[in-house]
Amino acid sequence: MRPPRNLKRYLSVFRIRLAYSLQYRTAALAGIATQFFWGFLLIMVYSAFYSSSTSQPPMSLPQLVTYIWLQQAFLAFIMLWFRDEELFGLITTGNIAYELCRPGELYGFWYAKLLAQRIASALLKCLPIMGTAFFLPKSYQMMLPPDVLSAGLFIISLLLGLLVLVGISMFIYISVFYTMSPYGSLLLFNVIGEFLAGMIIPVPLMPDWLQDIVYLFPFSWTADFPFRVYSGHFHHTEAAVGIMLQLIWLTVLVTLGRLAMKQALRRVVIQGG
């Protein structure tokens, strides 16, 4: 059975953008150094916090260290401030007219492009970071998943989390059709989204009332959930239920995103007429 024609177009866009983005190896090396710096810094801060704590923390220190290294290794999968200036330029300059001439749905083309950029960035960084983190001194060492099933569930949840995040980030680009400036949307999504995703404070370390709020939004399913699946903080059944919720969020976000894109395109004004 042949794939639908539109799907073949989106896959072509994905392959081209992936190959293009994999060329930036020097920038990736600089990013790896920066992420190691932040990884060590965060581990030292949390180690001091754990050593002075008088109560049993909701995550063990080895789980938290692993959580931090996964954040650094897969930063391209979870950061909301990752953006494509070319897409913003197409909208604000009116050059989006060229995009509208292409066969196929604009939402699908942009989704495939953003997905490829994030995967390429992660491929260049995740293996060096994780490969090194496994051999660091014990207090800084990343641990392996508790079993093979947890590792498999982690891979599934990580990839679904990436798809959910791209679905969320599409709303940033759609909002620019109305604001004609990306900065307000980026600031709002960055500050709120990264906090709710557990990138500033891991969700288990938040107060219970705040965790209840976090789980009302899709952000935690992009970062916090996959990393806790890896460390065994979620049991297999809980992880399977979480993956189902990721699929639901993905469906909702893509459906709403496509509708929002269609509505935004109705009010597009192309320069020169």
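What you are looking at is a predicted structure, and each value in this text was computed from that prediction instead of being measured.
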Contacts of type side-chain hydrogen bond (donor to acceptor under 3.5 Å, both in side chains), residue Y111, not counting sequence neighbours: none

Please tabulate, one pair per line, all N/O donor-acceptor pairs under 3.5 Å involving side-chain atoms of residues 126-143, not counting sequence neighbours.
from	atom 1	to	atom 2	distance (Å)
T132	OG1	P128	O	2.8
Q141	NE2	F134	O	3.2
Q141	NE2	L136	O	3.1

So, F225 versus F234, ring centres under 6.0 angstrom or not? yes

Check for a donor-acceptor pair, side chain of S157 on one end and backbone N or O of F154 on the other, with a separation under 3.5 Å. yes

How long is the span from the CG atom in L216 to the CG atom in L196, to the nearest 0.5 Å? 9.5 Å

Same cluster for W38 and V45 if Ile/Leu/Val/Met/Phe/Trp/Tyr side chains link at under 4.5 Å? no

Only distances under 3.5 Å count here; give the side-chain donor-acceptor pairs of residues 165-173 to other protein atoms, sequence neighbours excluded, each with its distance to 0.1 Å.
from	atom 1	to	atom 2	distance (Å)
S169	OG	L165	O	3.4
S169	OG	V166	O	2.9
Y173	OH	D84	N	2.8

I'd like to know if M244 and F219 are part of one continuous hydrophobic network [Ile/Leu/Val/Met/Phe/Trp/Tyr, side-chain heavy atoms within less than 4.5 Å]. yes

Backbone of I43 reached by a side-chain donor or acceptor of S47 within 3.5 Å: yes

For the hydrophobic clusters of this structure (ILVMFWY residues joined by side-chain heavy atoms under 4.5 Å, transitively), does one cluster hold both Y107 and L259? no

Could you check whether the rings of F74 and F77 sit parallel, tilted or perpendicular, using 30° and 60° as the cut-offs? tilted

Does the pair E238 and H233 meet the rule for a side chain to side chain contact (heavy atoms under 4.5 Å, CB included), with working shown? CA-CA 10 Å; E238 293 175 318; H233 195 255; over 6 Å; no

Set out, in order, the CA-CA distance, both residues' side-chain angles and the distance that settles side chain to side chain contact (heavy atoms under 4.5 Å, CB included) for L162 and T222, then state yes or no. CA-CA 6 Å; L162 171 62; T222 66; over 6 Å; no

Rounded at 0.5 Å granularity, tell me how far CH2 in W249 sits from OG in S220. 9.0 Å

Side chain Q71, main chain G39, donor-acceptor under 3.5 Å: no

Minimum heavy-atom distance P145-A151, with the two atoms named: CG-CB, 3.9 Å

Assigning hydrophobic clusters by single linkage (Ile, Leu, Val, Met, Phe, Trp, Tyr; side-chain heavy-atom cutoff under 4.5 Å), is I248 placed with I156? yes

Pairwise side-chain contact, F49 with M44, heavy-atom cut-off 4.5 Å (strictly under): no

Please tell me if the side chains of M59 and Y50 come closer than 4.5 Å, counting only heavy atoms from C-beta onward. yes

Spell out, yes or no, whether F40 and L42 are grouped together once hydrophobic residues are joined by side-chain heavy atoms under 4.5 Å, including indirect joins. yes

Any residue meeting side-chain hydrogen bond (donor to acceptor under 3.5 Å, both in side chains) with S150, in chain and number order, not counting sequence neighbours: D147, H236

For F36, all residues meeting ring pair (Phe, Tyr, Trp, His ring centres under 6.0 Å), sequence neighbours excluded: W69

If the condition is side-chain hydrogen bond (donor to acceptor under 3.5 Å, both in side chains), which residues does R258 pass it with, not counting sequence neighbours? E105

With sequence neighbours excluded, what pairs up with T251 under the side chain to side chain contact (heavy atoms under 4.5 Å, CB included) test? T255

Please name the pair of heavy atoms, one in G193 and one in L80, separated by the smallest distance, quoted to 0.1 Å. CA-CD1, 3.6 Å

Could you give the distance from CD1 (I174) to NZ (K262), rounded to the nearest 0.5 Å? 11.5 Å

Determine which pairs satisfy salt bridge (Lys or Arg N to Asp or Glu O under 4.0 Å) with at least one residue from residues 50-65, sequence neighbours left out, and list them in order. none

Going from CG on L75 to CG on L70, what distance comes out if it is rounded to the nearest 0.5 angstrom? 12.0 Å

Only distances under 3.5 Å count here; give the side-chain donor-acceptor pairs of residues 200-215 to other protein atoms, sequence neighbours excluded, each with its distance to 0.1 Å.
from	atom 1	to	atom 2	distance (Å)
Q211	NE2	V203	O	3.3
Q211	NE2	P204	O	3.4
Q211	NE2	M206	O	2.9
Y215	OH	R228	NH1	3.1

Rounded to the nearest 0.5 Å, what's the gap from CD1 on I68 to CG on L61? Could you check? 8.0 Å

Taking atom CG of L158 and atom CG of L153, what is their separation to the nearest 0.5 Å? 12.5 Å

Got a sec, which residues hit side-chain hydrogen bond (donor to acceptor under 3.5 Å, both in side chains) with Q246, two or more places apart in sequence or on another chain? none

What are the two closest non-hydrogen atoms of Y230 and L144, and how far apart are they? OH-CA, 3.7 Å

